[in-house]
2 protein chains.
Amino acid sequence: KTFKFSLPPVSSLLRENKMKDAKKIIHSIKVGISLALISLLYLLDPLYEQVGENAIWAIMTVVVTFEFSAGATLGKGLNRGMGTILGGGLGCIAAVLAQNIGGVGNSIIIGASVFIFGTIGTYFRLFPSVKKRYDYGVMILILTFSLIVVSGVRTEDQKVWEIAVERLLTIVMGFVVCICVSLLIFPLWASDELHDSIVSRFQHIADSLQGCMEEYVKFVSQKENKKPGASFSVCKSFLDSKSKDEVLANFAKWEPWRGKFGFFYPWEKYLKIGDVLRELAAIILALGGCLQASETAMKVEPVSQSVQMEPCEAIGSGIVWSLRELGESMKQMSKCEADISEKLKTMRGEINLVISTSKIAAIDNMDALAVASFVFLLKKVVEKVE
Amino acid sequence: KTFKFSLPPVSSLLRENKMKDAKKIIHSIKVGISLALISLLYLLDPLYEQVGENAIWAIMTVVVTFEFSAGATLGKGLNRGMGTILGGGLGCIAAVLAQNIGGVGNSIIIGASVFIFGTIGTYFRLFPSVKKRYDYGVMILILTFSLIVVSGVRTEDQKVWEIAVERLLTIVMGFVVCICVSLLIFPLWASDELHDSIVSRFQHIADSLQGCMEEYVKFVSQKENKKPGASFSVCKSFLDSKSKDEVLANFAKWEPWRGKFGFFYPWEKYLKIGDVLRELAAIILALGGCLQASETAMKVEPVSQSVQMEPCEAIGSGIVWSLRELGESMKQMSKCEADISEKLKTMRGEINLVISTSKIAAIDNMDALAVASFVFLLKKVVEKVE
């Protein structure tokens, strides 16, 4: 009941703010709703009689596992569940073993097992493959194991099992609340976010390449001394996007039923496209650097340079066009038309022609050639995805 | 007592494994030691009588806050402490307020306050500046607030305070154990790691630039068709290093007393150097791309190209030398000699000379010019650091 008051302001905020801010607010309110729901365990007497003090574990689960995207929440919740089950099971075995020995030996065995388990578990957490997807699960495993083993000293044989089972149940309760709220109320998908960011990157790279070409034309034809630069900051930010992509793809792996590819969604392909786009961004950055550096060279011989302008311009705009086209076809998840490949082939031929007839505009052509070959590569990757 | 058995194998492992593996093992054993120490709270009767069931909070603190580097552990522990104190204080106030109203109003107020607090807190966590350093603290704040407010329903006025204070004390105990073990036994510093990685990056970039130049010379003089490529994978991995650097610098900020700069360690300078090195890596990658792409161009006119080889070679090796020198001076944290700057100036002059006498080897010169200007930039940054 408590959370119904604030739904009207949410919908007005949705209209007022931009998409990203709206998503943040939705996420925050979802967390608030989950917390209010789970605290009913304490507030309603019949529920409290069933659960008792263990309700703190449900609250803890909600706060800790509720993440921004549905995939991240699912992944963390499953990690937590598996870690608790495994750690609890192993902990119970160790506790029972220690109780059978009894006396001072009991304490020594418990201390030693906590030490050994903590050491091995932490070492496992540092393996890159484990760290990537199961870091949280192993941490919870160590935690549950230590708690169960250690509290086994102070309770009898039977109660250790009871504690473990009750805690697991409350954690499952918290997890169920998280998942329901996360999936049923305005779900935010990591896979959609990854898709959108890759698609928008095509557009941005095309934009900055176009900006680069325009600056070049202006520079040569009108002798303007304005330095290009504004359009490259986007490219620079793309260079750092690898880890962000990997995190998103990692979360997206927990959302197997999304998208039209069913259970075999090609996340590695997305990462590969991201890699190629990053290399492309690096090349465009270097092209921009050449443009800035070439001022001195231009002054020495401006006339012979401008002879070769038209083909360069045509090639540049062709590359921009095909990048846009690729981005568009990825957005609609449809097979891109075959003529992009055709057009790139003819462009390659043109570039070779330009190079063979003149070596003067060599800098720009070389880079354009490299760009064309990368777009070629891109083409292949996109075809694999479709 | 339990952890002394395993110290001899540690020292033998240290010798066997490489440095990085050794660090991982040291970290794992440190976690094990902390866990064994903190579980003494349960195992020793006099301690258990003091602490009671709250000892689980101490164990939880150890498992959750013990991170790889000392800075990360400190940061997480302080975040946890601050979050607990603030959340506990606010929670107590809200619980007392709710108790004064009583009846059904009590439950409604508690539910509403949990919802509002959870929503606002989660929204704060999404701000980039908060997320970077205080994400964990705000999470703990929400958690503690909810736990205290909700459990306030089931206990009397006085006991809420007691619970909060006891939990805080056990969390502090866990934190103290973490910090002592982390700082006193083979401490692993995030600041050292950041410094080493930046220094080694200078060497790697110099290596791959040298490899690039050598390939170029071979390619032009002996007409070998071998493609360069092996040396560029290092450069590519540097492009993705930004987020890693930022995380390390973030941890390093929690280690203020490290290094000879005292409390004003210039971490932003390190990040700036990292940025410049990344741009340099992007340019070298593009240079390599040009080299691969220029096969066709070379075949058309190999003779005129090789005329300009010597100055290019000299310039390339000059840049490699100054990169090495800069890395070395950073390693020893000493002022780098003034003649690097001098040398770069003369190199710039040489490059301009090459360009004005001939436009044929333009590709390579342009890129070399850009590299030189970046090294210039680098020089300035390093001077700021020293």
Side-chain angles (χ1 to χ4, degrees), chain A residues 2-3 24-25 27-29 31-33 35-36 39 42-43 56 59-60 63 107-108 110-112 114-116 118-119 122-123 126 139 142-143 146-147 150-151 153-154 239-240 242-243 278 282-283 285-286 289-290 293-294 296-297 300-301 352 355-356 359-360 362-363 366-367 369-370 373, chain B residues 2-3 24-25 27-29 31-33 35-36 39 42-43 56 59-60 63 107-108 110-112 114-116 118-119 122-123 126 139 142-143 146-147 150-151 153-154 239-240 242-243 278 282-283 285-286 289-290 293-294 296-297 300-301 352 355-356 359-360 362-363 366-367 369-370 373:
Chain A
T2 49
F3 55 86
K24 281 185 186 173
I25 290 168
H27 170 65
S28 308
I29 289 169
V31 174
I33 291 173
L35 271 176
S39 64
Y42 258 97
L43 298 176
I56 58 166
I59 294 179
M60 211 178 285
V63 174
S107 297
I108 290 175
I110 286 174
V114 167
F115 169 73
I116 291 167
T119 305
T122 310
Y123 190 67
L126 295 173
M139 191 178 93
I142 300 172
L143 179 61
S146 313
L147 286 182
V150 161
S151 59
V153 192
R154 298 287 161 188
L239 289 184
D240 310 321
K242 182 172 179 125
S243 56
R278 258 187 299 283
I283 286 174
L285 268 182
C290 288
S294 57
T296 46
V300 182
E301 195 157 4
N352 285 336
I355 291 166
S356 60
K359 262 108 245 142
I360 294 169
I363 347 147
M366 280 309 164
D367 281 316
L369 185 68
S373 65
Chain B
T2 50
F3 55 86
K24 281 185 186 173
I25 291 168
H27 170 65
S28 308
I29 289 168
V31 174
I33 291 172
L35 271 176
S39 63
Y42 259 96
L43 298 177
I56 59 164
I59 293 178
M60 209 178 286
V63 174
S107 297
I108 291 175
I110 285 174
V114 167
F115 170 73
I116 292 168
T119 305
T122 311
Y123 190 68
L126 296 173
M139 192 179 90
I142 300 173
L143 179 62
S146 313
L147 286 182
V150 162
S151 60
V153 192
R154 300 286 160 189
L239 288 184
D240 310 321
K242 184 175 177 120
S243 57
R278 258 188 299 284
I283 286 175
L285 268 182
C290 287
S294 58
T296 46
V300 181
E301 195 157 6
N352 285 336
I355 290 166
S356 59
K359 263 109 243 143
I360 294 168
I363 349 148
M366 280 309 165
D367 281 316
L369 185 69
S373 66

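Chain A is the first sequence line, chain B the second, and so forth, proteins listed ahead of strands; every chain is numbered from 1.
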Shortest non-hydrogen separation from [X] to [Y] and the atoms involved:
X        : Y        : value
B:Leu126 : A:His27  : CD1-CD2, 3.8 Å
A:Gly111 : B:Ala36  : O-CB, 4.2 Å
B:Val114 : A:Leu35  : CG1-CB, 3.6 Å
A:Met60  : B:Leu147 : CE-CD1, 4.5 Å

Could you tell me the separation between the CD1 atom of A:Ile29 and the CZ atom of B:Phe115, rounded to the nearest 0.5 Å?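 Here the rounded value is 5.5 Å.
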Nearest 0.5 Å please: distance from the CD1 atom of A:Ile142 over to the CD1 atom of B:Ile59.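 So the CD1 of A:Ile142 and the CD1 of B:Ile59 are separated by 12.5 Å.
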Among the listed options A:Ser39, A:Ser146, A:Gly32, the residue most often paired with chain B at heavy-atom distances under 4.5 Å: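 Answer, by heavy-atom pair count under 4.5 Å with chain B: A:Gly32.
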